[in-house]
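Here is the structure we will look at, set down as structure tokens.
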Amino acid sequence: MFIHFFYLLKAYGVPVTITEWMMLMEALGKGMALSSLTGFYHLARAVLVKSETHYDRYDLAFAHYFRDIETPVELTEKVLQWLEKALPPRQISSAERKQFQEWDLDELRRRLEERLREQKGEHHGGGKWIGTGGTSPFGHSGYHPAGIRIGGESVNKSAVKVAAQRNFRNFRTDETIGVRQFEVALRKLRQLSSKVEGPREELDIDETIRETGDKGGLLQLVWTRGRKNTVKVALMMDSGGSMDPYMRICSQLFTAMNRSSHFKDLRFFYFHNCVYQHLYLKSSCRMDSAVRTEDFLRLLGPDYKVLFLGDASMAPSELTMPGGSIDWYYGNDEPGITWLRRIAAHFNHAVWLNPIPAPYWDRTIGSYTITIIRDVFPMFELTVEGLEGAIRKLKVRR
Amino acid sequence: MQEHKLFFTGTRNYIASEELQNSVNVAVALGRPLLIKGEPGTGKTMLARSIAEGLGKELLIWNIKSTTRARDGLYIYDTVQRLYDSQFGDHDVSDIRHYIKMGKLGEAFLAERQAVLLIDEIDKADIEFPNDLLWELDIMSFDILETGETVQARHRPIVIITSNAEKELPDAFLRRCIFHYIAFPDAAMMAEIVKVHHPDLEQKLLEEALAAFYWIRGIGGLQKKPSTSELLDWVQALTVGGISPQQIGKEFPFLGVLLKKDHDFNAVLQRLHNQGVQVKSGTGTLRSW
């Protein structure tokens with residue numbers, strides 16, 4: 001029963017297992033889907049999907065599998081009714097509004113009616129069309145502000161529609177989300193050892209035996225400290241102008257790093273497009289906050305884990321030529337790539353996080369320098385999944 | 001479904017969405033633990049109370065801390081107490097059973113009637129913690145090694161587990177759970193929730209407050225979005241402060257109740273300023289309490 005749905009879920013990247021599938025069958029056997037598609041949608045999701053980050057994939061698979069299930073005809077009328085309901089405009093920002101200005105109510109209704117007529121001819125019944133919501137242009141309007149309205153109050157009417165709305169798109173791990181998710185990813189960056197600080201809550205057996213012996217057999221418990229995280233991190237951030245579009249995501253990572261209290265040491269450094277003989281302690285990258293890169297290498301031992309955060313996109317000369325720095329008053333005797341290689345050689349673990357999505361690395365304007373830098377540092381895109389990959393890389397020796 | 005007369009539909013002071021009710025009932029019917037995730041302030045912990053109340057069962061709460069071990073939930077053998085007692089000889093230490101204390105899971109197993117067991121914030125514990133509980137939750141019994149006794153569950157407890165997603169939970173554990181993510185309530189749902197806590201609230205005031213609240217939540221880049229509990233506090237503050245509904249959208253009084261971070265506070269002020277809203281200087285001082 002529904003076995004293709006099982007494989008479809010897998011194909012969409014939801015990690016379903018036989019155990020869970022059998023559990024679903026057991027639940028269906030007990031009639032827990034309440035004999036409705038909506039009931040089945042919620043039941044199957046509760047049993048099969050174990051993370052909100054997979055909800056979106058589940059929705060896609062569900063819409064795919066069940067899109068041809070008949071939806072009652074009265075829904076077509078309902079769609080028009082829903083459209084009547086004017087919704088408060090303040091929920092859309094003015095910028096978004098501009099984008100969809102042409103989608104006013106009459107226009108939308110006209111187009112919808114038109115579409116319904118067309119679809120009737122082809123599909124023998126307009127009811128079906130609503131079921132396919134996710135794939136028609138109007139279904140897609142589920143993602144744009146005007147469209148959410150259409151489906152907004154119908155949530156419980158049809159499961160396919162719920163699925164096609166993709167309410168959980170924001171929870172996907174391969175999308176860039178937020179501070180909290182970054183924090184969770186960063187938490188994986190830990191190496192436990194040493195006994196320096198923290199509460200004494202582990203029984204020190206050897207000491208206890210010795211002390212008890214000293215007291216003539218009267219029990220003396222001796223407590224010792226647990227293990228501590230010893231990871232030291234340096235975050236190197238590009239503060240160049242080309243990074244401006246990514247400011248928000250970068251500041252989210254910055255916040256997450258800052259809040260991660262579990263690092264033994266955490267340092268921030270800035271550079272402008274590429275690293276030369278100076279690094280900066282402030283994002284303004286002016287000489288009053290400069291430290292010599294040589295000193296930086298001396299100060300930070302090879303055990304620091306280094307994360308570069310930058311788009312790695314610059315003029316080729318900035319990377320490969322002496323005197324190529326973008327700041328004209330700043331003469332660099334050695335090309336930036338030499339400094340980058342020096343840093344890569346000094347630290348045992350270093351990675352580069354790039355806010356530009358990975359599929360564009362070969363195509364963007366900066367692809368030439370991105371390719372060169374990728375030879376020096378393993379590069380990951382700045383998403384939760386990318387960060388997790390980077391952290392795995394930081395934990396093993398290159 | 002009919003064979004299970006127990007049917008959770010939310011309680012008077014806890015509004016559960018239909019989805020959530022379904023998940024709870026599925027978990028109860030299948031006898032599986034229900035894992036609940038969700039934004040802070042969406043009432044994850046409250047859910048277990050509500051289930052216990054709604055189904056008329058006893059609630060046992062096992063609060064997980066970073067030092068909690070799975071074994072603590074089954075039973076604790078107080079060796080240190082026994083050693084101390086043995087040194088003074090004023091207690092009978094020959095019977096180990098005096099020094100075995102049941103943990104929360106053990107208590108739930110031994111309860112006379114089926115109980116609701118809340119394992120709160122399971123992600124705080126060590127990464128292996130959930131796996132260590134798998135066996136006991138599956139077969140509903142455990143052995144006390146020191147006495148050789150077996151504790152068998154009289155009634156399979158309804159197990160509710162909450163997680164704040166601070167750590168990934170192991171796959172083997174997830175496979176055995178029913179999972180539900182509590183989405184942040186929409187405006188209609190939120191109105192009901194507020195009414196539960198403030199039944200006498202003026203409708204107009206509620207509408208204005210909710211509109212302002214969702215507007216603030218919609219601002220991108222907030223470090224900590226205000227959640228249900230902040231909204232409830234805010235509504236309280238608005239009522240006590242005698243604010244009229246018209247003032248809310250114009251002045252955003254007591255903003256500090258909603259926003260706890262400087263960065264967020266400034267971001268919202270900036271937005272308001274851009275829209276020509278004059279926030280009274282008084283709000284600045286109010287947020288310092």
Side-chain angles (χ1 to χ4, degrees), chain A residues 15-20 23-24 26-27 30-34 38-39 41-43 45-55 88 90-94 152-153 155-156 162 167-168 171 178-181 183-185 187-188 199 201 203 212 217-219 221 226 247-248 251-252 255 259 388, chain B residues 1-4 17-27 29-32 34-35 37-40 67 80 83-84 86-87 123 127 164-169 171-183 186-188 211 214-215 218-225 249 261 263 275:
Chain A
V16 209
T17 61
I18 297 288
T19 323
E20 286 152 332
M23 209 199 289
L24 177 63
E26 187 191 338
K30 290 187 175 176
M32 307 233 32
L34 308 170
T38 312
Y41 169 85
H42 291 307
L43 172 67
R45 195 178 69 184
V47 175
L48 300 177
V49 189
K50 298 300 157 66
S51 167
E52 71 278 14
T53 54
H54 294 140
Y55 274 8
R90 76 171 89 84
Q91 291 186 356
I92 325 172
S93 76
S94 53
E153 295 183 24
V155 172
N156 292 318
V162 179
N167 287 327
F168 295 94
F171 292 115
V179 181
R180 174 120 194 106
Q181 278 89 341
E183 272 183 274
V184 174
R187 240 165 250 201
K188 290 185 184 135
E201 53 190 11
L203 187 65
T212 307
L218 197 62
L219 185 65
L221 295 173
M247 208 137 78
R248 197 167 135 217
S251 88
Q252 282 176 340
T255 319
R259 274 204 230 155
E388 281 172 359
Chain B
M1 177 84 31
Q2 268 62 42
E3 59 185 289
H4 295 276
S17 72
E18 201 178 324
E19 285 174 64
L20 179 55
Q21 292 173 20
N22 283 344
S23 298
V24 171
N25 290 320
V26 168
L30 295 181
R32 305 281 176 160
L34 175 63
L35 174 65
K37 274 211 264 181
E39 259 188 68
T67 51
V80 176
L83 262 172
Y84 277 135
S86 74
Q87 292 188 323
D123 52 330
I127 192 111
N164 282 322
E166 290 192 5
K167 286 194 193 97
E168 287 290 322
L169 297 170
D171 288 342
F173 175 77
L174 289 176
R175 273 203 289 280
R176 287 166 171 84
C177 294
I178 304 292
F179 174 76
H180 187 88
Y181 180 84
I182 302 188
D186 57 13
Y214 279 97
W215 180 80
I219 294 175
L222 292 190
Q223 287 179 357
K224 188 191 173 309
K225 287 184 180 181
K261 301 247 176 199
H263 167 273
Q275 299 198 349

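Quick note on labels: first sequence line is chain A, next is B, and so on, each numbered from 1. Fair warning: this is a prediction, and the values are worked out from it, not measured in the lab. Heavy atoms only: backbone and side chains are in, while hydrogens, waters and symmetry mates are out.
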message = Need one label for R176(B): side chain, backbone, both or neither, based on atoms under 4.5 Å from any heavy atom in chain A.
response = backbone

query = What pairs with S51(A) under side-chain hydrogen bond (donor to acceptor under 3.5 Å, both in side chains), at least two apart in sequence or on another chain?
reply = T53(A)

key: side-chain hydrogen bond (donor to acceptor under 3.5 Å, both in side chains) against S86(B), all qualifying residues, sequence neighbours excluded   = none

ask   = If you round to the nearest 0.5 Å, how far is CZ of F179(B) from NE2 of H54(A)?
value = 10.0 Å

message = Using side chain to side chain contact (heavy atoms under 4.5 Å, CB included), reason through R32(B) and V47(A) one step at a time and then give a plain yes or no.
response = CA-CA 10 Å; R32(B) 305 281 176 160; V47(A) 175; over 6 Å; no

key: Residue selection (most heavy-atom pairs with chain A, distance under 4.5 Å) from C177(B), S23(B), A27(B), G38(B)   = C177(B)

Spatial distance of atom CG (N25(B)) from atom NE2 (H42(A)) [nearest 0.5 Å] = 13.0 Å

ask   = Looking at side-chain heavy atoms only, is the closest gap between Y41(A) and N22(B) below 4.5 Å?
value = no

remark   = If one checks every heavy atom of L218(A) against chain B at 4.5 Å, the contacting part turns out to be both

task = Indicate the atoms forming the closest heavy-atom contact of A29(B) with M32(A), along with that distance.
result = CB-SD, 3.2 Å

ask   = Is any side-chain heavy atom of K50(A) less than 4.5 Å from a side-chain heavy atom of L169(B)?
value = no

request  = Indicate yes or no: at least one non-hydrogen side-chain atom of E26(A) is less than 4.5 angstrom from one of L30(B).
outcome  = yes

message = Once rounded to the nearest 0.5 Å, what's the spacing between atom CG of D171(B) and atom OG1 of T19(A)?
response = 11.0 Å

message = If we ignore hydrogens and angles and just use 3.5 Å, is the side chain of K37(B) paired with the main-chain N or O of E52(A) as donor and acceptor?
response = no

query = Checking Y55(A) side chain against Y181(B) main chain: does a donor-acceptor pair fall under 3.5 Å?
reply = yes

